[in-house]
Amino acid sequence: MIRYIAGRLLLILPVLFGVSIVVFMLIRLIPGNPAVAILGEHATPELIARVEQQLGLNLPLWRQYLIFLGHASRGDFGASFFYQESVFTLTMERIPVSLMLITYAAVIGLLISVPFATWAAVRRETSVDHAIRLVFTGTIGIPSFWLGIVLALLLSVKVRLFPLGGIGGGGFDMLWHLTLPALTIAVHISPILMRSLRSSLIEVLNADYVTTGIAMGLRPTTLLVSYVLRNGLTPFISVVGLNVGWLIGGTIIIEQVFGVPGVGSLLITSILTRDYTIVQFVTLVLAFLVILVNLLTDLAYAAVDPRVSLQR
Amino acid sequence: MSAVSTIAPPRPARRWWFATAGVPLRVGLVGIFTIAVLAALAPVIAPYDPTALGLAGGLQPPSAAHWFGTDQLGRDILTRVLYAARIDLQIGTIGVAIPLVMGVVIGLFAGYYASWPDAILGRVIDVVTAFPFLVLVLAIVAMLGPGLKNFYIAISLVSWVAYARIVRGEALGVRGRGYILAARSLGYSDARIVFRHLLPNVIVPALVFGMSDFVLDILAGASLGYFGLGVQPPATEWGVMIAEGRNFIVTAPWVVIFPGIAIVITSFFVSLIGDSVSDIVRRVHAS
């Protein structure tokens with residue numbers, strides 16, 4: 001297992017290198033002088049010169065990149081112009097809330113998609129299957145920010161079932177506050193999860209061992225839970241991992257809509273206030289998160305499925 | 001031989017392909033065609049001027065005069081939804097077309113040559129897919145500045161990778177086939193082999209993906225519009241309309257509801273087409 005993890009980590013290194021180049025280049029995309037853009041048009045020439053020096057803007061690109069890497073290795077990703085604080089601290093403070101929201105949304109997404117996918121797969125090519133697929137096809141195109149507003153209107157303003165915005169005081173109160181945003185994100189990701197799970201369950205339902213199980217007279221529940229779901233859910237682990245980017249995208253928008261103080265709302269606010277160093281760092285952190293989740297799902301898949309050789 | 005020709009079954013009567021297509025595909029095609037026609041004819045069929053202020057007062061509920069009601073500035077929402085459709089369909093189309101061309105060309109050559117061009121593309125794909133799609137688009141727009149042109153640049157920089165990945169995979173599988181080897185041995189140029197022989201055999205999966213990408217682009221465009229980073233006033237777009245009306249959601253929900261329904265319906269029709277075409281392709285491959 002250690003060899004497998006080491007192998008996987010080794011494969012990640014070139015990706016991390018590429019990610020760092022993309023993030024480094026981001027600020028260089030700013031039209032005109034990035035130092036002026038970062039500090040604002042009213043910045044003094046001394047301040048501009050200081051930021052230019054910090055970013056190494058007057059040096060060749062490769063030297064600038066080395067300076068960026070040098071700062072990054074010390075956890076120095078610059079300071080926010082708007083908050084007057086280190087972007088590292090600002091982002092890390094908000095990460096737990098975002099992770100909690102992402103996890104909560106993933107759980108609700110599974111609670112929605114697993115039963116419907118199972119129902120559709122068992123009743124494949126019947127009206128039930130068609131109806132479920134049709135509804136989820138319609139769900140794909142719902143803009144998450146619009147759904148968030150509509151759900152807030154219905155479940156917070158009209159019915160007063162959930163609080164509107166904020167994260168509450170921690171523990172159960174926090175979960176209660178995050179339910180509506182998490183539900184919105186879950187609806188956003190559930191079509192992808194439902195489709196993938198349905199396909200993998202249909203594949204399992206067509207397998208010989210299921211036919212044998214039916215011929216042996218196994219109870220339908222036993223067959224479904226012990227044979228079909230167990231084997232159908234395994235490839236599903238990688239589907240969840242592969243779609244973490246989609247999940248994060250939804251979270252970013254919804255955090256801003258519901259005023260959840262996570263990295264997503266920090267990113268959107270920073271874009272609007274042109275706080276470039278935060279945008280750069282949050283982008284880096286979210287890419288790291290995707291890489292990490294993909295690594296973890298690979299490991300989980302290898303651990304769960306005995307056919308995946310851990311030595312590979 | 002003549003016996004064979006006499007017993008050969010009569011050629012089936014040619015049926016218009018549309019009639020033989022499945023119901024979802026037909027519904028999707030008719031639906032998206034209708035939306036496109038409505039959008040194209042917006043200046044003719046829209047009941048009011050999209051920027052005319054103070055029509056019948058602000059925040060009027062739906063009525064015979066204003067089917068979708070009016071917004072906070074008294075503008076007719078139906079008119080604005082129709083005009084916004086022009087931009088949203090443009091977002092979907094350009095958001096697919098540019099990355100599709102870029103990705104297909106790069107994927108074709110990488111898959112055809114394999115070796116180091118493919119290795120480089122493989123690493124680029126790994127890197128770009130490490131970023132959540134919307135995050136990278138937002139970050140690029142943040143740096144370039146808000147506006148539709150910058151949104152297209154951002155989408156092009158990010159989305160081409162998905163097409164390149166699909167085409168490269170297909171091309172790697174096809175490059176060793178007999179007809180490619182035959183074309184090489186006939187001394188055809190690489191460009192001719194790639195565009196005339198390889199392209200027609202690998203393009204379909206990329207086109208199918210383009211359907212779901214169309215939906216993704218409309219949603220991304222609307223999301224950026226919602227945050228004020230996409231289309232800039234006085235032009236309008238469904239996401240911008242939702243953003244403008246969000247503060248009135250409790251007293252005048254129609255301001256937000258109708259543009260949202262427009263996005264959902266458009267995406268639904270495109271998804272129906274995409275799913276149906278994808279099913280057809282899968283069936284053809286399986287057979």
Side-chain angles (χ1 to χ4, degrees), chain A residues 11 14-19 21-23 26-31 34 37 130 133-134 137-147 149-150 152-153 157-158 191 244-250 252-253 256-257 264 267-268 270-272 274-276 279-280 282-283 286-291 294, chain B residues 23-24 28 122-124 126-146 150 153-154 157 212 215-216 218-220 222-224 226-229 238-239 242-243 245-246 249-250 253 256-257 259-261 263-272 274-275:
Chain A
L11 283 176
V15 180
L16 290 179
F17 173 66
V19 165
I21 289 180
V22 172
V23 170
L26 270 179
I27 280 191
R28 273 84 192 162
L29 281 177
I30 299 171
H130 294 316
R133 287 169 70 191
L134 202 66
T137 300
T139 317
I140 286 179
I142 302 180
S144 52
F145 58 90
W146 181 75
L147 181 68
I149 296 172
V150 173
L153 175 71
V157 180
K158 300 277 184 199
V244 71
W246 185 247
L247 187 60
I248 291 173
I252 280 165
I253 294 172
Q256 181 74 358
V257 171
L267 176 69
I268 302 284
S270 306
I271 291 173
L272 298 175
R274 296 180 170 259
D275 211 335
Y276 298 106
V279 176
Q280 191 185 33
V282 170
T283 308
L286 294 178
F288 272 21
L289 191 62
V290 172
I291 294 169
N294 279 325
Chain B
V23 175
R123 298 294 79 74
V124 172
D126 286 347
V127 170
V128 178
T129 46
F131 292 93
F133 168 76
L134 196 64
V135 172
L136 196 51
V137 170
L138 276 168
I140 295 172
V141 171
M143 300 304 165
L144 295 174
N150 289 340
I153 295 174
L157 287 174
S212 48
V215 175
L216 199 67
I218 288 188
L219 292 177
S223 302
L224 262 75
Y226 178 79
F227 293 120
L229 298 165
W238 293 326
I242 295 170
R246 69 188 148 183
I249 179 79
V250 179
V256 166
I257 299 291
I261 290 175
I263 300 177
V264 176
I265 290 177
T266 308
S267 306
F268 178 68
F269 287 139
V270 178
S271 298
L272 276 184
D275 288 357

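Residue numbering restarts at 1 for every chain, and letters A, B, ... go by the order of the sequence lines. These values consider heavy atoms only, across backbone and side chains, with no hydrogens, waters or symmetry-generated copies.
Both the backbone and the side chain of B/Ile257 come within contact range of chain A, each with at least one heavy atom under 4.5 Å from a heavy atom of that chain. Both the backbone and the side chain of A/Ile30 come within contact range of chain B, with heavy atoms under 4.5 Å apart. Looking at A/Leu26, the atoms closer than 4.5 Å to chain B (heavy atoms on both sides) sit in the backbone and in the side chain alike. Heavy atoms of A/Val157 lying under 4.5 Å from chain B belong exclusively to its side chain. Of the atoms belonging to B/Val215, it is side-chain heavy atoms, and not backbone ones, that fall under 4.5 Å from chain A. Heavy-atom distances place the side chain of A/Ile268, and not its backbone, under 4.5 Å from chain B. With a threshold of 4.5 angstrom between heavy atoms, B/Pro253 approaches chain A through side-chain atoms but not through N, CA, C or O. Of the atoms belonging to A/Ile27, heavy atoms from both backbone and side chain fall under 4.5 Å from chain B. Both the backbone and the side chain of A/Leu286 come within contact range of chain B, with heavy atoms under 4.5 Å apart. Neither the backbone nor the side chain of B/Ile218 comes within contact range of chain A; no heavy atom of the residue lies under 4.5 Å from a heavy atom of that chain. Heavy atoms of A/Val19 lying under 4.5 Å from chain B belong to its backbone as well as its side chain. With a threshold of 4.5 angstrom between heavy atoms, A/Leu272 approaches chain B through side-chain atoms but not through N, CA, C or O. Of the two parts of A/Leu289, neither the backbone nor the side chain holds a non-hydrogen atom closer than 4.5 Å to a non-hydrogen atom of chain B.
Chosen from B/Asp126, B/Ile263, B/Val270, the residue pairing most often with chain A at heavy-atom distances under 4.5 Å is B/Ile263. Interface summary for chain B: among A/Leu267, A/Thr137, A/Ile140, A/Ile21, the most heavy-atom pairs under 4.5 angstrom belong to A/Thr137. In terms of heavy-atom pairs under 4.5 angstrom with chain B, the leader among A/Val244, A/Val23, A/Val279, A/Asn294 is A/Val279. Most heavy-atom pairs under 4.5 Å with chain B: of the set A/Ile253, A/Ile248, A/Ile252, this distinction falls to A/Ile253.
Considering all non-hydrogen atoms of both residues, B/Arg123 and A/Pro14 come closest at CD-CB, 4.3 Å. The two residues A/Ile149 and B/Ile242 come nearest to each other via the heavy atoms CD1-CG2, 3.8 Å. Between A/Val290 and B/Thr129, the shortest heavy-atom contact is CG1-O, 4.2 Å. Here the shortest heavy-atom pairing between A/Gly141 and B/Leu219 reads O-CD2, 3.5 Å.
In this structure, CE in B/Met143 is found 6.0 Å from CD in A/Gln280, a value given to the nearest 0.5 Å. In this structure, the separation between CG on A/Leu29 and CD1 on B/Ile153 is 9.5 Å, given to the nearest 0.5 Å. Considering OH of B/Tyr226 and CH2 of A/Trp146, their distance stands at 13.0 Å, rounded to 0.5 Å.
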All N/O donor-acceptor pairs, side-chain side in residues 131-142 of chain B, below 3.5 Å, sequence neighbours left out:
none

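Legend: residues meeting side-chain hydrogen bond (donor to acceptor under 3.5 Å, both in side chains) with A/Arg133, ordered by chain and number and at least two apart, are absent.
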